[in-house]
Engineer: 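One structure coming up, written as structure tokens, with questions to follow.
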Amino acid sequence: MAIKTEVIFNSDNIILVKFTSPFLIHFIVYTPWGYETFKDYNLALLFFNERLEELR
């Protein structure tokens, strides 16, 4: 069973990554201050956009 990672968005040092394994799917948002994990894509995307606005 393979573990797959896929970069969904990469902008201004903020990266949204989809992490897929046979048993779970997580979305991880990496920022210059750390990272947050989410099970829901919409929440991850909202967090990503909020951090992006903070940098602008």
Side-chain angles (χ1 to χ4, degrees):
M1 298 274 167
I3 295 174
K4 181 180 173 185
T5 58
E6 175 186 353
V7 175
I8 298 174
F9 293 110
N10 183 356
S11 178
D12 294 336
N13 296 325
I14 300 177
I15 304 168
L16 175 57
V17 176
K18 180 180 180 183
F19 175 85
T20 308
S21 75
F23 304 106
L24 58 88
I25 296 174
H26 274 177
F27 299 93
I28 305 169
V29 179
Y30 294 96
T31 69
W33 310 281
Y35 67 93
E36 292 286 334
T37 61
F38 300 89
K39 291 182 180 178
D40 181 68
Y41 172 75
N42 291 322
L43 290 175
L45 188 58
L46 178 64
F47 184 81
F48 176 87
N49 287 328
E50 288 173 351
R51 300 297 83 78
L52 196 59
E53 287 297 319
E54 284 180 3
L55 287 178
R56 290 183 182 178

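Small disclaimer: the values here were computed from a predicted structure and weren't measured.
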Engineer: May I ask whether Phe27 and Leu46 are part of the same hydrophobic cluster, defined by side-chain heavy atoms of I, L, V, M, F, W, Y residues being less than 4.5 angstrom apart, directly or through others?
Structural biologist: no
Engineer: Taking all non-hydrogen atoms of both residues, which atom of Ile14 and which atom of Leu52 are closest, and how far apart?
Structural biologist: CD1-N, 3.5 Å
Engineer: Pairs in or reaching into residues 2-11: which pass side chain to side chain donor-acceptor pair (under 3.5 Å), with residues at least two apart or in two chains?
Structural biologist: none
Engineer: With sequence neighbours excluded, what pairs up with Glu54 under the salt bridge (Lys or Arg N to Asp or Glu O under 4.0 Å) test?
Structural biologist: Arg51
Engineer: Under the criterion side chain to side chain contact (heavy atoms under 4.5 Å, CB included), I'd like the reasoning laid out for Tyr41 against Ile8: C-alpha separation, chi angles, the key distance, then a yes or no.
Structural biologist: CA-CA 11 Å; Tyr41 172 75; Ile8 298 174; 4.2 Å; yes
Engineer: Check whether Ile28 and Ile15 end up in the same hydrophobic cluster, where Ile, Leu, Val, Met, Phe, Trp and Tyr are linked by side-chain heavy atoms less than 4.5 Å apart.
Structural biologist: yes
Engineer: Which atom pairs, donor and acceptor, lie under 3.5 Å between side-chain atoms of residues 17-26 and protein residues at least two apart or in another chain?
Structural biologist:
from	atom 1	to	atom 2	distance (Å)
Ser21	OG	Phe23	N	3.4
Ser21	OG	Leu24	N	3.4

Engineer: Tell me which donor-acceptor pairs under 3.5 Å the side chains of residues 30-40 have, and how far apart each pair is, sequence neighbours excluded?
Structural biologist:
from	atom 1	to	atom 2	distance (Å)
Thr31	OG1	Trp33	N	3.2
Thr31	OG1	Gly34	N	3.3
Thr31	OG1	Gly34	O	3.1
Asp40	OD2	Asn42	N	3.2
Asp40	OD2	Leu43	N	3.0

